[in-house]
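Written below as C-alpha cells is the structure these notes are about.
In this text, all values refer to a predicted model and were calculated from it rather than measured experimentally. Read the numbers this way: they start at 1 and go in the same order the structure lists the ligands and their atoms. Scope of the values below: all heavy atoms of this structure, side chains included, with no hydrogens, waters or symmetry mates.
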Amino acid sequence: MTENLSTQLEKYLPPPVLALAKIAGKEAGELGQELYIVGGVVRDLFLGRVNFDFDLVVEGDAINLARKLAKGSQAKLTVHSRFGTAKITYPGFSLDLATARSETYSKPGALPTVKPGSLKDDLIRRDFSINAMALHLNPQRFGELIDLYHGKDDLNNRLIRILHPKSFIDDATRILRAIRYEQRLGFKLEAETEKLLRHDVAMLDTISSDRIRHELELILKEDEPERAIRRAEETGVLSQLHPSLKGNGWLSKIFAGARQVDMRISLSTIYLCLFIYNLTEKENEEFILYLNFPKSSAQAMRQTLQLKAQIHSLSNPKLKPSDIYQSLHSYTTIAIQANALASQSPIASQHLHLHLTKLRYVKPLLNGDDLKRMGIPAGRQIGEALNTLHKARLNGEVKTRRDEERLVQNWRHSQ
Ligand code: ATP
Ligand code: MG
C-alpha cells in the first residue's frame, strides 16, 4: 500500500511553504508534469526534524514551472538553464526546483554528465537510501511516498546505506557525507556500506580540494563535529586527509569545551584550529595546501600554531598584564581562543583568557588630544606617553583621569 504523508506535510512545513507546495503541484499538473519534494526534507519529515532545504524535482521542465510560480509574486527567480534548475527566493525561505535528471560518471570523482530523466533516474543518483525518498505534490496524489530504495526501512533500522556498490567510487565525497549523517542521527553504516567505505577510502584522492574541504566544513558545522571526526579516524578516512590528524578523546574534550565558551567568533573556525592543533607547522602547511583553505582560515590555523610555539613564555606566573598584552596583541582572537582551550598549561590558559576577556579592551582615559593640550609635543613623544599610560592602566597602576595626568607629568619630567 502506498503511504501518504500529507498529514506530516501539513504539520511540519511552514504554512507559506505548504501553500506554495500545493500551488506548485497544481500548476505542474496543469502543465502535464509530475512534481515531487525530495531528499533531506523527506528524511527529516519522518524524523520530526526541522529542515529548511525545500528541494523540488519536476518530471518535465523545472525552469518553466518556476517561471510560472514566480510570476506576479514578489519572489526573486534565479535560473540556471545549463543545469535545468531554478531557485525562487521568497522573504524568509527559498525553493529549489530541478528538472529530474540522470547522471553518468565518466571517471571516478569527475563531475557527472547530466541529462533529463525520470524521478527514478533522479533518485538512483543520490547518496543514501534515507536521502532518496520523494513525496508527490500533484493534487490527486499529494503526500504520496515514493521510496524505491527502502529508505523508510533504513530510517526505522537507523542505517546509512548507499544505493549501489560503485557509489563511493563515483563520488567519494559520499564517504564524508555517510559519516556525517551517521553521527548526526546516531545511526550506523549498514554493514556492506561500511565495508565499501573502508575499501574505497583512497578514492578521496580523486576529489578536488574544494569539494573535500566543503564536506569537512559541513562536518565542522554539525552540533558535535567530534563524533564524525572520531568515526573518520576509525574508518581510515582521517589519515587519508593527513596521516597525522587525530580524532581521539582529547579532541572530543576540547571541542566540548569550545561549545561552553560564549564567543562572538565562528565556532567552526575554532574547531578547525583545534582540529590541526597537534600537527607540526610543516604538516599544517601540507594540509592547507591539500584542501586549498581560503586565506582567512589558513591564517587562523597558522597563527594558532605560531602562538602554540610561544606558549612556554606565557606560562610564567610572574607575568604582568602588560607583558601578556605585549605577547598577544598581534594575534587574532581565534588563535588566542584556540590556544586558551587547548593549551596544556593552566597558567598560560589563564593568561590567554585574561587577555580575551579584559586586557584587549583596556584603553587609557586620556587620548592624544588631551596630551597635546597638556603640552606634550606631537609625534614620537605622544606615542611614547600613550604607551606608558596604556601599560600603567593594564597593570592597574592608574585609576582616575587625575592619576593619568599625574603619570604623564612625571613621565615628562623624567624625559
Ligand atoms: P542536510 O541536512 O545535511 O542539508 P540534505 O539531505 O538536505 O541534508 P544536501 O547536501 O542539502 O543534503 O543535499 C540535498 C540532497 O541532494 C540530498 O538529500 C541527497 O539526496 C542529494 N545529494 C547531495 N549530495 C550528494 C552527493 N554527493 N551524491 C549524491 N546525492 C547527493
Ligand atoms: Mg540540505
Side-chain angles (χ1 to χ4, degrees), residues 12-14 17 36-58 62 80 83-85 87 93-105 108-114 117 119-135 145-152 154-155 159-187 189 193 196-197 200 203-204 206-208 210-225 227-228 237 268:
Y12 287 109
L13 287 192
V17 178
Y36 309 87
I37 187 160
V38 294
V41 71
V42 181
R43 173 197 72 216
D44 287 340
L45 219 53
F46 276 115
L47 295 171
R49 293 171 77 105
V50 180
N51 186 326
F52 287 107
D53 270 0
F54 304 107
D55 289 322
L56 306 186
V57 165
V58 192
H80 296 283
F83 301 108
T85 62
K87 189 182 198 79
F93 69 97
S94 60
L95 289 182
D96 283 302
L97 281 91
T99 306
R101 64 191 202 220
S102 74
E103 287 184 350
T104 42
Y105 292 83
L111 289 175
T113 315
V114 173
L119 177 73
K120 192 171 172 207
D121 296 325
D122 200 278
L123 294 180
I124 185 91
R125 73 181 178 84
R126 288 173 187 265
D127 46 7
F128 312 114
S129 62
I130 61 165
N131 286 347
M133 293 182 278
L135 300 178
L145 174 68
I146 293 124
D147 182 13
L148 305 176
Y149 305 101
H150 308 289
K152 174 92 188 293
D154 285 337
L155 268 184
L159 291 172
I160 306 293
R161 183 196 304 269
I162 45 176
L163 304 188
H164 57 86
K166 272 186 66 218
S167 185
F168 291 130
I169 299 177
D170 282 346
D171 176 356
T173 63
R174 293 170 188 165
I175 291 175
L176 292 161
R177 296 177 65 83
I179 288 175
R180 177 160 61 90
Y181 290 118
E182 183 197 45
Q183 294 304 312
R184 176 201 293 177
L185 302 173
F187 282 22
L189 297 176
T193 297
L196 289 166
L197 182 145
D200 293 336
M203 300 312 282
L204 280 167
T206 64
I207 304 293
S208 73
D210 290 347
R211 291 183 65 209
I212 300 187
R213 194 190 62 250
H214 177 64
E215 290 299 332
L216 177 64
E217 284 162 355
L218 291 178
I219 287 179
L220 294 178
K221 284 191 186 131
E222 292 288 316
D223 287 344
E224 295 181 9
R227 295 166 56 98
V237 172
S268 51

Relative to ligand 1, is [X] under 4.0 angstrom through side chain, backbone, both or neither, heavy atoms considered?
X: His214; result: neither
X: Arg43; result: side chain
X: Thr173; result: side chain
X: Asp55; result: side chain

Considering the heavy atoms of [X], write down every atom of ligand 1 situated less than 4.0 Å from one of them.
X: Tyr181; result: 1 (P), 3 (O), 5 (P), 6 (O), 8 (O), 12 (O)
X: Arg125; result: 29 (C), 30 (N)
X: Asp53; result: 4 (O), 7 (O), 11 (O)
X: Asp171; result: 26 (C), 27 (N), 28 (N)
X: Arg184; result: 1 (P), 2 (O), 3 (O)

If you measure from atom 18 (O) of ligand 1 to every heavy atom of Ser167, Gly40, Ser129, Ala98, which option wins on shortest distance?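 It is Gly40 whose heavy atom sits nearest to atom 18 (O) of ligand 1.
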For atom 19 (C) of ligand 1, which of Ile175, Asp127, Ile162 has the closest heavy atom?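 Among Ile175, Asp127, Ile162, the closest heavy atom to atom 19 (C) of ligand 1 belongs to Asp127.
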With side chains defined as the heavy atoms from C-beta onward, is the minimum distance between Tyr149 and Leu123 less than 4.5 Å?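 The answer is yes, as the side chains (C-beta and beyond) meet within the 4.5 Å cut-off.
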Should the pair [X]-[Y] be classified as a salt bridge under the 4.0 Å nitrogen-to-oxygen rule?
X: Asp122; Y: Arg126; value: yes
X: Arg101; Y: Glu103; value: yes
X: Asp127; Y: Arg177; value: yes
X: Glu217; Y: Arg213; value: yes
X: Arg211; Y: Asp171; value: yes

Within-cut-off N or O pair, Gly39 and ligand 1, under 3.5 Å: no
So, regarding Arg177 and ligand 1 (criterion: nitrogen or oxygen to nitrogen or oxygen, under 3.5 Å), is there a contact or not?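 There is such a contact, yes.
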Compute whether any side-chain donor of one residue and acceptor of the other, for Asn131 and Arg43, lie under 3.5 angstrom apart.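 There is such a pair between these side chains.
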Sort by chain and number the protein N/O/S atoms found under 2.8 Å from the Mg ion (ligand 2). Asp53 OD2
Is there a donor-acceptor contact under 3.5 Å from the side chain of [X] to the main chain of [Y]?
X: Arg161; Y: Ser129; answer: no
X: Asp44; Y: Leu47; answer: no
X: Thr99; Y: Ala62; answer: yes

In the protein, which heavy atom is nearest to atom 28 (N) of ligand 1, and how far is it?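 Ranked first by proximity to atom 28 (N) of ligand 1 is Arg174 NE, 2.8 Å.
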Tell me which protein heavy atom sits closest to atom 16 (O) of ligand 1, plus the residue, atom name and distance to 0.1 Å. Arg126 NH1, 3.5 Å
Least distance between heavy atoms, [X] atom then [Y] atom:
X: Leu163; Y: Ile124; answer: CD1-O, 3.7 Å
X: Tyr36; Y: Ile146; answer: CE2-CD1, 3.4 Å
X: Met203; Y: Thr206; answer: O-OG1, 2.6 Å

Evaluate whether atom NE2 of His214 has more than 12 neighbouring non-hydrogen atoms of other residues, nucleotides or ligands under 6.0 angstrom away.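 Count not over threshold, so no.
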For Phe128, is the nearest heavy atom under 4.0 Å from an atom of ligand 1? no
